[in-house]
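As structure tokens, the structure follows; a few thoughts come after it.
The structure displayed is predicted, hence computed values, not measured ones.
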Amino acid sequence: MPLYLYLQPSFERSLKPLGYEQREITGLILEALEVYYSSGSDLSEAKKIAPRFFYKQLRRPYYESGIERNIRVLLRREGERCIAILAGNHDQIRQFLA
């Protein structure tokens, strides 16, 4: 089952306070996610875009993805839809999930 990435308005708002480098990393994470989802969740394909790419389940229905440990993307899965909710650091994601 192919998965599709959508950006929620809250995700767009979470990008505003990020610095240029963090926004670049977030863009690379999104690119790797698109490859990951379109390849049938093949992690090796996504790692061709970014060798340190990771994707893990936090708790249903939330997932976390990243490349650098200092910036991550929080996603919510609803069937074949994967919705990017937040871009931020570990503490921001933990605070959102609390």
Side-chain angles (χ1 to χ4, degrees):
M1 164 177 76
L3 299 171
Y4 301 97
L5 180 63
Y6 297 92
L7 304 180
Q8 192 167 359
S10 64
F11 178 79
E12 299 288 342
R13 287 190 302 273
S14 73
L15 293 174
K16 289 181 182 179
L18 299 180
Y20 175 78
E21 185 178 318
Q22 291 176 319
R23 277 185 259 142
E24 289 290 314
I25 292 169
T26 302
L28 195 55
I29 293 168
L30 293 176
E31 186 179 340
L33 277 169
E34 287 282 353
V35 169
Y36 179 72
Y37 292 150
S38 67
S39 68
S41 300
D42 184 356
L43 195 56
S44 64
E45 288 298 315
K47 287 187 179 245
K48 290 178 183 175
I49 302 292
R52 295 186 310 193
F53 175 77
F54 67 90
Y55 183 81
K56 65 180 181 176
Q57 183 174 4
L58 298 175
R59 67 174 191 228
R60 286 191 182 265
Y62 296 105
Y63 290 76
E64 175 183 57
S65 183
I67 296 169
E68 302 287 333
R69 291 290 175 183
N70 62 352
I71 191 78
R72 300 158 184 212
V73 172
L74 179 67
L75 303 131
R76 183 178 67 235
R77 285 192 47 188
E78 297 173 353
E80 59 188 39
R81 292 175 34 161
C82 298
I83 303 160
I85 300 171
L86 174 72
N89 61 31
H90 174 75
D91 293 336
Q92 290 167 317
I93 291 188
R94 219 165 85 202
Q95 182 180 15
F96 177 88
L97 293 173

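Heavy-atom contacts from other residues, nucleotides or ligands closer than 6.0 Å to CZ of R94 number 12 or fewer. More than 12 heavy atoms of other shown residues, nucleotides or ligands fall within 6.0 angstrom of atom CD in Q57. Shown here is E12, whose CD atom has more than 12 heavy atoms of other residues, nucleotides or ligands within 6.0 Å.
Taking a cutoff of 4.0 Å between a charged side-chain nitrogen and a carboxylate oxygen, E78 and R76 qualify as a salt bridge.
The shortest distance between side-chain heavy atoms of V73 and I93 does not fall below 4.5 Å. Between Y36 and D42, every side-chain heavy-atom pair lies at or beyond the 4.5 Å cut-off. Contact of the R72 side chain with the F54 side chain is registered, since non-hydrogen atoms from C-beta on lie closer than 4.5 Å. Side-chain contact between I85 and Y6: absent, with no pair of heavy atoms (C-beta onward) separated by less than 4.5 Å. Taking the side chain as every heavy atom from C-beta outward, N70 and N89 never approach each other to under 4.5 Å. You'll find the side chain of S10 reaches within 4.5 Å of the side chain of R13, heavy atoms only. Inter-residue side-chain proximity for C82 and Y37 is flagged as met; some heavy-atom pair is nearer than 4.5 Å.
Summarising the geometry of T26 relative to A87, their closest heavy-atom pair is CG2-CB, 4.1 Å, with the distance given to 0.1 Å. When all heavy atoms are compared, the tightest approach of L7 to A84 is CD2-CB, 3.6 Å. Here the shortest heavy-atom pairing between A32 and A46 reads O-CB, 3.6 Å. Nearest heavy atom pair, residue S65 against residue L33, reads OG-CD2, 3.7 Å.
Rounded to the nearest 0.5 Å, atoms NZ (K47) and CZ (R52) are 10.0 Å apart. Summarising the geometry, atom CZ belonging to F53 is positioned 6.5 Å from atom CG belonging to L43; distances are rounded to the nearest 0.5 Å. Here the CD-CD1 distance, from E24 to I67, works out to 11.0 Å after rounding to the nearest 0.5 Å. Here the straight-line distance linking atom CD of Q95 with atom CG of L97 works out to 10.5 Å at 0.5 Å rounding. For the atom pair CD (Q8) and CZ (F11), the distance works out to 10.5 Å, reported to the nearest 0.5 Å.
No cation-pi contact links R81 to Y4, judged by a cut-off of 6.0 Å to the six-membered ring centre and 45° from its axis.
Only one option out of K48, E45, E34 pairs with S39 in a side chain to side chain contact (heavy atoms under 4.5 Å, CB included); it is E45. Among L86, I83, L5, L58, the single residue meeting the side chain to side chain contact (heavy atoms under 4.5 Å, CB included) criterion with L75 is L5.
Note: Y63 and Y55 meet the aromatic proximity criterion, with ring centroids under 6.0 Å apart.
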*List the steps, then state whether side chain to side chain contact (heavy atoms under 4.5 Å, CB included) holds for S41 with L3.*
CA-CA 8 Å; S41 300; L3 299 171; 3.9 Å; yes

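Hydrophobic clustering keeps I71 apart from L74 (ILVMFWY residues linked when any side-chain heavy atoms are closer than 4.5 Å, directly or through intermediates).
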